There are 2 protein chains.
Amino acid sequence: MTRIATLSESRDSCHNCRLRTLCLPDNLPKEDIGKLEGIVQRRKPVSRGGYLFQAGQRFNSIYAVRTGAVKTSTLMANGDEHISGFHLPGEVIGLDAIVSRDHPSSAIALETASICEIPYAELETLSERTPALQHRLMRIMSRELLAEQSTNHLLSRRSAEQRLAVVLLKFSERFADRGLSALRFRLPMSRLDLGNYLGLVPETMSRTFRRLEEQGLVSIAGKEIEIVDSGAMKALAFGAEGSQTART
Amino acid sequence: MTRIATLSESRDSCHNCRLRTLCLPDNLPKEDIGKLEGIVQRRKPVSRGGYLFQAGQRFNSIYAVRTGAVKTSTLMANGDEHISGFHLPGEVIGLDAIVSRDHPSSAIALETASICEIPYAELETLSERTPALQHRLMRIMSRELLAEQSTNHLLSRRSAEQRLAVVLLKFSERFADRGLSALRFRLPMSRLDLGNYLGLVPETMSRTFRRLEEQGLVSIAGKEIEIVDSGAMKALAFGAEGSQTART
DNA sequence: GGTCGATTTTGATTTCAGTCAAGTTGGGTA
DNA sequence: TACCCAACTTGACTGAAATCAAAATCGACC
């Protein structure tokens with residue numbers, strides 16, 4: 001029986017946390033993990049639709065997702081929401097607020113989520129005397145930068161089918177990194193949210209899902225996704241064919 | 001006589017550098033700037049089309065632009081170039097390589113550029129005993145993250161006119177930050193490159209420039225840009241009108 | 001000053017995704 | 001169980017930007 005993604009449970013300490021290698025503590029010496037644990041605060045779970053923090057709110061902490069899933073979004077000048085990312089367990093949220101002292105975006109739970117809060121002032125103090133932690137922070141920031149770049153890339157002149165294929169493959173990879181199936185998983189967000197992130201309206205999302213299914217690339221049942229032909233998906237997402245520019 | 005942007009000259013040391021407040025040394029105590037200076041290497045100028053580094057190359061240093069302008073771009077699977085950013089004096093390049101040990105993208109001079117090279121291993125060592133530098137690095141990374149997010153935002157479901165208006169206003173602001181005119185400046189890149197960055201083909205770029213000019217928002221002469229109606233530009237770029245979603 | 005290639009422009013046409021308008025489905029709850 | 005609202009789907013139509021094709025302009029170099 002294939003196990004469907006739930007991304008649940010992890011122990012109370014960073015030492016035992018199943019997400020250790022994805023999260024802040026990765027590669028830290030044992031005693032440094034101990035120190036980090038000293039400042040991490042476990043919050044009571046945030047339920048679906050609840051805020052971890054709101055845009056404009058004073059920046060005090062960064063947050064690591066332990067279970068569940070979170071979206072970050074900004075309200076644009078005209079009142080529309082723009083979703084800037086989806087965050088799975090082990091990922092760190094709020095790093096974009098370090099410059100400005102205020103959170104530029106809101107973080108909202110897509111499903112009940114447990115969260116580790118890490119007060120930034122204390123993290124900064126700790127990292128002053130913990131080189132390994134300092135390096136780890138730089139690496140995480142750099143990783144985020146790469147992720148954002150790859151999103152830019154995705155939004156820049158790619159067809160709806162390609163965008164969807166890319167994002168499904170990325171989720172596949174991220175679930176696999178968390179020890180879950182790469183081929184069968186449950187998307188934590190609505191089509192509306194995913195479309196918002198991809199720059200596509202819900203109608204297009206619906207039609208695009210259908211087309212991928214008709215081509216035998218995926219099998220869709222609500223939010224449950226099965227990647228049927230991973231090779232063809234990759235060809236569509238990254239392949240030479242389908243580029244809108246390639247004028248051979 | 002209005003001074004047209006050239007973004008030239010700055011002294012040999014970080015202390016005297018006109019770009020100090022934009023670049024790494026900002027807010028550092030004098031003695032820390034001295035230490036930073038100790039590891040910064042001044043390279044001989046890179047001429048138009050020359051590489052600061054190439055994608056795939058081993059990551060050793062980050063780079064700060066002193067004069068000129070630089071683009072960073074990746075080669076996609078199908079052979080197309082995707083331009084991920086344009087970099088003006090005072091900006092730091094290469095931070096996206098920290099995670100992977102290799103540069104994910106290439107950096108190419110758009111016009112003759114002088115560059116400061118900062119070996120990352122030495123920077124890391126130095127920042128271990130220089131908290132202010134450490135904080136500065138985190139802030140710069142966070143700033144980059146914000147910039148990437150705002151690019152995402154830009155590419156996500158905005159019209160060609162809006163994209164161009166936003167990017168012109170951003171350049172305006174960046175030139176102003178460097179003490180140059182916010183209303184008259186010279187874009188350092190070709191329309192092809194700017195279009196690539198914005199996800200638009202050159203034909204559309206041309207037509208969109210023309211439309212902005214016809215509406216009396218800007219005045220264009222080759223790469224020389226004059227912002228004629230800054231208010232209307234902002235209304236177009238950020239205003240309530242022009243949202244593709246607002247179904248009032 | 002003239003030449004060649006790259007860059008930019010212009011026009012005609014096509015196409016993909018957005019818009020508008022109605023359903024349909026499905027999850028939550030009274 | 002039945003109701004309700006939100007999420008999703010479907011179909012017809014529209015429109016903005018891509019594509020295709022060709023000409024004009026620019027600018028670097030001899």
Side-chain angles (χ1 to χ4, degrees), chain A residues 47-49 71 78 80-81 83 108 110-112 154-165 186-215 220-225 236 241-248, chain B residues 47-50 71 78 80-81 83 108 110-112 154-165 186-215 218 220-225 236 241-248:
Chain A
S47 53
R48 184 186 155 83
K71 69 174 175 181
N78 55 33
D80 291 359
E81 179 184 22
I83 295 175
I108 301 163
L110 290 165
E111 49 193 42
T112 303
L154 169 67
L155 294 172
S156 189
R157 321 214 307 96
R158 304 183 80 85
S159 70
E161 274 184 31
Q162 286 184 305
R163 294 182 198 198
L164 186 53
R186 185 174 197 284
L187 290 177
M189 80 293 292
S190 71
R191 257 142 237 228
L192 190 91
D193 279 353
L194 191 58
N196 181 309
Y197 174 72
L198 292 175
L200 301 169
V201 295
E203 294 94 323
T204 303
M205 289 300 291
S206 175
R207 287 187 249 264
T208 308
F209 266 113
R210 181 152 50 82
R211 264 183 282 149
L212 290 188
E213 197 164 27
E214 280 166 6
Q215 290 169 54
I220 313 283
K223 292 181 171 154
E224 303 287 342
I225 309 291
L236 170 59
E241 224 52 55
S243 158
Q244 294 181 14
T245 320
R247 305 180 185 181
T248 325
Chain B
S47 52
R48 186 185 150 83
K71 69 173 174 183
N78 56 33
D80 292 358
E81 180 184 23
I83 295 175
I108 300 164
L110 290 165
E111 49 192 44
T112 304
L154 170 67
L155 294 171
S156 188
R157 321 212 309 93
R158 302 182 82 84
S159 71
E161 275 184 31
Q162 288 185 303
R163 292 183 201 198
L164 186 53
R186 184 175 198 284
L187 290 176
M189 78 295 291
S190 70
R191 298 235 194 302
L192 191 90
D193 278 355
L194 191 58
N196 180 308
Y197 174 72
L198 292 176
L200 301 169
V201 295
E203 295 93 324
T204 303
M205 289 302 290
S206 175
R207 288 187 248 264
T208 307
F209 266 113
R210 181 152 51 82
R211 264 183 282 148
L212 290 188
E213 198 164 25
E214 282 166 3
Q215 291 170 54
V218 293
I220 314 283
K223 289 180 174 155
E224 302 287 343
I225 309 290
L236 171 59
E241 224 49 55
S243 157
Q244 294 181 14
T245 320
R247 303 180 186 181
T248 316

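Chain letters run A, B, ... following the sequence lines, proteins first, then strands; residues in each count from 1. Given the structure is predicted, the values throughout are model-derived calculations rather than measurements.
- Side-chain atoms of R191(A) do not come within 3.5 Å of backbone N or O of M205(A) as any donor-acceptor pair.
- Between the CG atom of N196(A) and the CG atom of D80(A) there is a distance of 8.0 Å, given to the nearest 0.5 Å.
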Please tabulate, for side-chain N and O atoms in residues 207-214 of chain B, each donor-acceptor pair with protein atoms closer than 3.5 Å (sequence neighbours left out).
residue : atom : partner : partner atom : Å
T208(B) : OG1  : T204(B) : O            : 2.6
R210(B) : NH1  : E214(B) : OE2          : 3.4
R211(B) : NH1  : E161(B) : OE2          : 3.0
E213(B) : OE2  : I220(B) : N            : 2.9

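- Distance L198(A) CG to dG18(C) P: 11 Å, rounded to the nearest Å.
- With rounding to whole Å, L194(A) atom CG is found 14 Å from dA7(D) atom P.
- Contact detail for P202(A) and L192(A): the closest heavy-atom pair is CG-CD1, 3.5 Å.
- Summarising the geometry of S156(A) relative to G199(B), their closest heavy-atom pair is OG-CA, 3.5 Å, with the distance given to 0.1 Å.
- Residues passing the side chain to side chain contact (heavy atoms under 4.5 Å, CB included) test with T112(B) are P45(B), S47(B), sequence neighbours excluded.
- For the atom pair CZ of R158(A) and CG of L236(A), the computed distance is 9.0 Å after rounding to the nearest 0.5 Å.
- Axis orientation changes by 50° from one end of the helix from dG1(C)-dC30(D) to dA30(C)-dT1(D) to the other, with each end axis drawn from 5 pairs and the value rounded to 10°.
- A salt bridge is defined here as a Lys NZ or Arg NE, NH1 or NH2 lying under 4.0 Å from an Asp or Glu carboxylate O, and E111(A) with R48(A) fails to meet this definition.
- Here the P atom of nucleotide dT19(C) and the CG atom of L200(A) are 11 Å apart, to the nearest Å.
- For the atom pair CG of D193(A) and NZ of K71(A), the computed distance is 3.5 Å after rounding to the nearest 0.5 Å.
- At whole-Å resolution of the value, CZ in R157(B) and P in dC16(C) are 19 Å apart.
- Contact of the L154(A) side chain with the L155(B) side chain is not registered, since no non-hydrogen atoms from C-beta on lie closer than 4.5 Å.
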Find every protein N or O atom lying less than 3.5 Å from an N or O atom of nucleotides 25-30 of chain C, and list the pairs.
none

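- Between Q162(B) atom CD and dA17(D) atom C1' the separation is 14 Å, expressed in whole Å.
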> Can you give one letter per nucleotide of nucleotides 3-11 of chain C, 5' to 3': B if a protein heavy atom sits under 4.0 Å from the base, S if only from the sugar-phosphate, - if neither?
Replying inline: -----SSBB
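- Rounded to whole angstrom, the span from the CG atom of L187(A) across to the P atom of dC8(D) amounts to 10 Å.
- Rounded to whole angstrom, the span from the CD atom of E111(B) across to the P atom of dG27(D) amounts to 14 Å.
- Under a 3.5 Å cut-off, the side chain of E224(B) and the backbone N or O of A221(B) do not form any donor-acceptor pair.
- Within the nucleic acid shown, G199(A) comes within 4.0 Å of sugar-phosphate atoms alone, with no base atom in reach, counting heavy atoms only.
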